[in-house]
Amino acid sequence: MRKLKTLIVFLFAASFLWVSAPSAHALSLAPGFNSPVTLTLQPGQTTYLLCTASAKTIKAVVENQSDTGKVTGPYYFNMSNRGQIQMGTMSGASAVQDLYFSYWDGSTGNALLYLNATDTTVPIQVKVTFYNLSN
């Protein structure tokens, strides 16, 4: 049942991106928790990163590994019973940003990040790691 819910959320996110996103945008998948994903973002590029594992509380650590540029953009908690809820927006003010995903009623969901490369003229490297904080 849990895998079915994860698949439904993934298909919802993928179909949303396919319909509404320009072709320059890409969807990357994080296979699970505690597995870092490293992405290269071109200047001005937006990349979507979906954590395919679900949990009640998720933490994402976003690290800009380059000396220039910022990683900005909104981040969402996708729940099969409630849809997509924006949790906040990354400001890019620091090289390492801790993001938290949860809903008050304890629903499980997936984390979705919109990663934007700003304030740079060269590609930047971003490492993202998702953690399950649920008890």
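Basis for what follows: all heavy atoms, side chains included, without hydrogens, waters or symmetry-related copies.
Between K70 and T120, every side-chain heavy-atom pair lies at or beyond the 4.5 Å cut-off. Contact annotation: the side chain of M90 approaches that of L115 to within less than 4.5 Å [non-hydrogen atoms, C-beta and beyond]. Within the 4.5 Å cutoff, the side chain of N78 has heavy atoms near those of the L50 side chain. In this structure, the side chains of L99 and K59 stay at 4.5 Å or more apart for every pair of heavy atoms. For the pair F33 and F130, the minimum side-chain heavy-atom distance is below 4.5 Å.
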Take T47 and Q45, measure what side-chain hydrogen bond (donor to acceptor under 3.5 Å, both in side chains) needs, and give me the verdict at the end.
CA-CA 7 Å; T47 297; Q45 177 187 5; 3.1 Å; yes
Take N132 and S134 through the side-chain hydrogen bond (donor to acceptor under 3.5 Å, both in side chains) test and state the conclusion after the steps.
CA-CA 6 Å; N132 182 352; S134 304; 3.1 Å; yes
Apply side chain to side chain contact (heavy atoms under 4.5 Å, CB included) to residues V128 and L113 and explain how you reach the verdict.
CA-CA 10 Å; V128 180; L113 307 177; 3.8 Å; yes
Given the rule in the side chain to side chain contact (heavy atoms under 4.5 Å, CB included) test, do I85 and Y103 qualify, once you have shown the distances and angles that lead to the verdict?
CA-CA 9 Å; I85 297 176; Y103 196 65; 3.4 Å; yes
Check against side chain to side chain contact (heavy atoms under 4.5 Å, CB included), V61 and Q97
CA-CA 6 Å; V61 177; Q97 302 178 75; over 6 Å; no
Hey, mind stepping through Y75 and F101 against ring-ring contact (aromatic ring centres under 6.0 Å, His included) and telling me if it holds?
CA-CA 9 Å; Y75 53 98; F101 306 80; 5.3 Å; yes
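Contact detail for T57 and S102: the closest heavy-atom pair is OG1-CB, 3.9 Å. Minimum heavy-atom separation, S94 to V96: OG-O, 2.7 Å. Minimum heavy-atom separation, A30 to L49: N-CD1, 3.9 Å. For the residue pair G32 and A53, the shortest heavy atom distance occurs at CA-CB, 4.0 Å.
Side-chain heavy atoms closer than 4.5 Å link hydrophobic residues (I, L, V, M, F, W, Y) into clusters, and following such links, even through other members, never connects V122 to L39.
Atom CZ of R82 and atom CZ of F77 lie 10.5 Å apart (nearest 0.5 Å). For the atom pair T40 OG1 and I124 CD1, the distance stands at 9.5 Å (nearest 0.5 Å). Note that the NZ atom of K127 and the OG1 atom of T38 stand 6.5 Å from one another [nearest 0.5 Å]. Between atom CG of residue L112 and atom CE of residue M87 there is a gap of 11.5 Å, rounded to the nearest 0.5 Å. Here the CG-OG1 distance, from N116 to T46, works out to 3.5 Å after rounding to the nearest 0.5 Å. Rounding to the nearest 0.5 Å gives a distance of 8.5 Å between CD1 of I58 and OG1 of T108.
Judged by distance alone, with hydrogens and angles left aside, the side-chain atoms of E63 form no donor-acceptor pair with the main-chain N or O of Q65 at under 3.5 Å. A donor-acceptor distance shorter than 3.5 angstrom exists from the side chain of N110 to the backbone of T52, with no hydrogens or angles considered. Put simply, the side chain of S66 gets close to the backbone of Q125: a donor and an acceptor are under 3.5 Å apart.
By the neighbour-count criterion of 12 heavy atoms within 6.0 Å, atom CG of D67 is sparsely surrounded, having that number or fewer from other residues, nucleotides or ligands.
Aromatic pair Y48/Y114: centroids less than 6.0 angstrom apart.
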